[in-house]
Amino acid sequence: MSLVLFDTLRRDKVPFEPREAGSVSMYVCGPTVQSDAHVGHGRLAVVTDVLRRYLAFSGLTVTFVQNVTDIDDKIIMRARREKVDPAVIATRYTRAWNRSMDLLNIQPPDIQPLATGHLLEMQALIQELIDQDKAYAVDGDVFFRVRRFEGYGKLSRRQVDDMQQGDDVVDSDRKEDPLDFAMWKSAKPDEPSWPSAWGDGRPGWHIECSAMAVKHLGEGFDIHCGGLDLVFPHHENEIAQHEAAHGGTFARHWVHNGMVRMGEDKMSKSVGNVVALDEALATWGLGPMRLWYLSAQHRTPLTFDTERLRDASTVHQRFTTFVRSARQIVSDDTSPDVSVADPHRAAFIAVMDDDLNAPAAVAALHELVSDGNDRLKKAAAGDQAEQQAVLALADLLVELADRVLGIGIDDWLGEAAALEARIGPLVEGLLDARKQARADRDFETADAIRDQLTATGVVVEDGPDGATWYVAAPLPDPTPDA
RNA sequence: GGCGGGGUGGCCAAGUGGUAAGGCAGAGGACUGCAAAUCCUUUAUCACGGGUUCGAUUCCCGUCCCCGCCUCCA
């Protein structure tokens, strides 16, 4: 394994060196469960999922932790609007999140810690900081003294003195310094709260990740992931809380993904331009969605629009078509000729090792498919060597696209096959009629039958040995906004 | 204002100090009754102006434009 990752802290690509040879610990900032996942969340999920899969593919044992923020201002506000307990909201959207992640073919976390399940760990960390005079309690709130941590700003490359001393700082009357941030918030009427040494209250946002990451992965865990928009203040504060209290290194590598854009704007709840992830998946399908997510390097912005999703759908068709064709013409007793596939495997690995260059990795798969398609004709004619080559290429495509990139080609072909089995007799009957029509040179009838089948998603292809057919993934009609 | 990222063919998108992967779309051709799928051919001097260099799209400086963060945010 010679993976190189761009590390936000060092602002450079650095060789990935795990804390412990052979295993990797990953922590990913999870959702605040207050509404449905949107397409932007999906990007974080896919980027971290592919990183995780690639590490495992490279032979490492991965421990993947993603938290759930189940107590937060927005959850409380939503609960008030709906007149239910905040826990109802948190439970509902935790379930929804997990379901959406399943639909996106995201491997579930090994550990999914809840903020509300780690009050003791958070309080212990806060107390430690107070004991060290790096935090202070005021009227039941506890704030972190930013200026007492000399490393503050190292992740986001900010100088403490340059930071905007905003006018709209919350709790500015109680903070010693406007830059200080809350780790514990005193209970307000009708809010969920937990007892603490500083009075009843609830945790601030940043403290949960510092506490839970170290609780489940230990200090100096390998990779911390999150959206680029979390670099400051969230990740900066996570580092500050842990390193101010314990010294050492909080996380060894920081991987951040770029934002999804709608037109020129970031897709976000506050802008109000979000598209629900489930809705996008229902429209476009898993394979096209994941290929779209992988169509740009993970740190650059990615625009969600119809044209790009259609491109991704076309790519998905090309990949699945090749695998289907290869499997159709290869006889059962054929064994794959791996030597043909190996250069493609090496090309894929080379670019993935380079900071997970997914667009280049997909390009490598395209070259694999081109190679395979090129051999298809001879293989179909019975050339044994070419059959072995084609089989190896199809196997490799499925291995890389599915196991590493999570595109789900095999699953899709399986679904299509099930459908084909069910409608087979019907289609065969129509094709018999069409065959007769063609023999009679009645092309009008023949084409009408084919058009009808096409309209229902059945692709008919005429070959030297008669017509073959299969169920194709439907391409959605073009709509203004995906 | 501070910090960071970016401007590559019609569109998307990699990449490199020695004249630029891959995909989509388009055009032409092969195959086909016509299609579909597939194959072949075909389209760029890399925002602009300087500089360094034998040579820059790739390094440096400046200009213009776009985006993100600086408040909740994947």
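Labels below follow one simple rule: chain letters A, B, ... track the order of the sequence lines, proteins then strands, and each chain is numbered from 1.
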Using atom P in both nucleotides, what's the gap between B/A21 and B/U63 to the nearest angstrom? 33 Å

Choose from B/U38, B/C69, B/G23 the nucleotide whose nearest atom is closest to any side-chain atom of A/R158. B/C69

What is the base-pairing partner of B/C72, counting Watson-Crick and G-U wobble geometry with both distances under 3.5 Å? none

Counting distance alone, no hydrogens or angles: does the base of B/A35 have a donor or acceptor under 3.5 Å from a partner atom on the side chain of A/R450? yes

Is the base of B/G33 touched by the side chain of A/R438 through a donor-acceptor pair closer than 3.5 angstrom? yes

So, OP1 or OP2 of B/A74: does either fall under 4.0 Å of a side-chain N or O from A/H41? yes

Should A/D161 and A/R147 count as an ion pair when the cut-off is N to O under 4.0 Å? yes

In whole angstrom, give me the gap between the C1' atoms of B/C61 and B/C67. 23 Å

A/M262 CE - B/C67 C1' separation (whole Å): 16 Å

Residue-phosphate contact under 4.0 Å: A/K377 side-chain N/O, B/C31 OP1/OP2: no

So what does A/G226 hit on the nucleic acid, given a heavy-atom distance under 4.0 Å: a base, only sugar-phosphate, or nothing? sugar-phosphate

Whole-Å P distance, B/U43 and B/C54: 33 Å

What is the nucleic acid contact for A/L230, judged by heavy atoms within less than 4.0 Å: base, sugar-phosphate only, or nothing? sugar-phosphate

Atom NE2 of A/H344 and atom C1' of B/G22 are separated, to the nearest Å, by 12 Å

Tell me which donor-acceptor pairs under 3.5 Å the side chains of residues 108-115 of chain A have, and how far apart each pair is, sequence neighbours excluded?
from, atom 1, to, atom 2, distance (Å)
A/D110, OD2, A/R52, NH2, 3.4
A/D110, OD2, A/F64, N, 2.7
A/Q112, OE1, A/N98, ND2, 3.4
A/Q112, NE2, A/N98, OD1, 2.9

Can you tell me the base-pairing partner of B/C46? Count Watson-Crick or G-U wobble geometry only, both distances below 3.5 Å, and say none if there is no partner. none

Just checking A/F143 against A/W184, ring centres under 6.0 Å apart? no

Listed by chain and number, what are the side-chain contact (heavy atoms from CB on, under 4.5 Å) partners of A/R327, not counting sequence neighbours? A/V323, A/V398, A/D410, A/L413

Once you round it to whole Å, what is the distance between P of B/C72 and CZ of A/F181? 11 Å

What pairs meet the salt bridge (charged side-chain N to carboxylate O under 4.0 Å, His left out) rule with one or both residues in residues 266-275 of chain A, with sequence neighbours excluded? A/D229-A/K266

Atom-to-atom span, CZ of A/R441 to C1' of B/U32 - whole angstrom: 12 Å

Working to the nearest 0.5 angstrom, can you tell me the gap between A/S35 OG and A/R78 CZ? 6.5 Å

Give A/F443 one of three labels, base, sugar-phosphate or nothing, depending on what nucleic acid heavy atoms sit under 4.0 Å from its own. base

Counting only Watson-Crick or G-U wobble pairs whose two distances fall under 3.5 Å, which nucleotide matches B/U32? none

Salt bridge flag under 4.0 Å for residues A/D265 and A/R261: no

Any A/N257 side-chain nitrogen or oxygen under 4.0 Å from OP1 or OP2 of B/A74: no

Looking at A/K154, I want to see if its NZ is surrounded by more than 12 non-hydrogen atoms of other residues, nucleotides or ligands under 6.0 Å. yes

Which residue, A/P31 or A/R11, contacts RNA chain B at a nucleotide closer to its 5' end, judged by nearest heavy atom? A/R11

Please figure out whether A/R434 or A/C29 has its closest RNA chain B nucleotide nearer the 5' end. A/R434

Using the P atom as the reference point in each nucleotide, state the distance between B/U58 and B/G23 in Å, no decimals. 26 Å

What's A/V315 touching, base or sugar-phosphate or nothing? Going by heavy atoms closer than 4.0 Å. sugar-phosphate

Contact state string [nucleotides 7-15 of chain B, B base, S sugar-phosphate only, - no protein heavy atom under 4.0 Å]: ----SSSSS

Shortest side-chain distance from A/D447, nucleotide among B/C3, B/G33, B/G22: B/G33

From CG of A/D229 across to P of B/C70 the rounded distance in Å is 8 Å

Check every atom of B/G22, B/C72, B/A74 against the side chain of A/S270 and return the nucleotide holding the closest atom. B/C72

Whole-Å distance, A/L309 CG to B/A25 P, equals 15 Å

For B/U71 and B/U52, measure between their C1' atoms and round to the nearest Å. 44 Å

Distance, P atom - from B/C66 to B/U8, rounded to whole angstrom: 14 Å

Assigned partner base of B/C59, Watson-Crick or wobble definition, under 3.5 Å: B/G51

Scan A/V260 against the nucleic acid and name what it touches under 4.0 Å (heavy atoms): base, sugar-phosphate only, or nothing. base

For A/H256, answer base if it contacts any base atom (sugar-phosphate contacts may also be present), sugar-phosphate if it contacts only those atoms, and nothing otherwise; contact means non-hydrogen atoms under 4.0 Å. nothing

Categorize A/G258 for me: base, sugar-phosphate, or nothing, with a 4.0 angstrom heavy-atom threshold over every strand shown. base

Walk me through it: do A/D141 and A/S186 pass the test side chain to side chain donor-acceptor pair (under 3.5 Å)? CA-CA 5 Å; A/D141 289 337; A/S186 59; 3.1 Å; yes

Heavy atoms of other groups near A/E82 CD, more than 12 under 6.0 Å: yes

Value in whole Å for how far the C1' atom of B/C69 lies from CD of A/E236: 12 Å

Applying salt bridge (charged side-chain N to carboxylate O under 4.0 Å, His left out) as the test, list every pair that has at least one member in residues 355-375 of chain A; sequence neighbours left out. A/R299-A/D355, A/D371-A/R375, A/R375-A/E386

Could you give the distance separating B/A27 and B/A36 at their P atoms, to the nearest angstrom? 12 Å

Contact check, residues 452-465 of chain A vs RNA chain B, heavy-atom distance under 4.0 Å, returns A/V459, A/V460, A/E461, A/D462

Rounding to an integer number of angstrom, what distance separates B/G2 and B/U19 when you compare their C1' atoms? 40 Å

Taking only the side-chain heavy atoms of A/T321 (C-beta and beyond), determine which of B/C34, B/G22, B/A37 contains the nearest atom. B/A37

Starting the side chain at C-beta, find the nucleotide from B/A74, B/C69, B/G23 nearest to A/K269. B/A74

Is the shortest side-chain N to carboxylate O distance from A/D73 to A/K185 below 4.0 Å? yes

Nearest whole Å is fine: how far is B/G68 P from A/R43 CZ? 14 Å

Distance-only donor-acceptor check, side chains A/D432 and A/Q436, under 3.5 Å: no

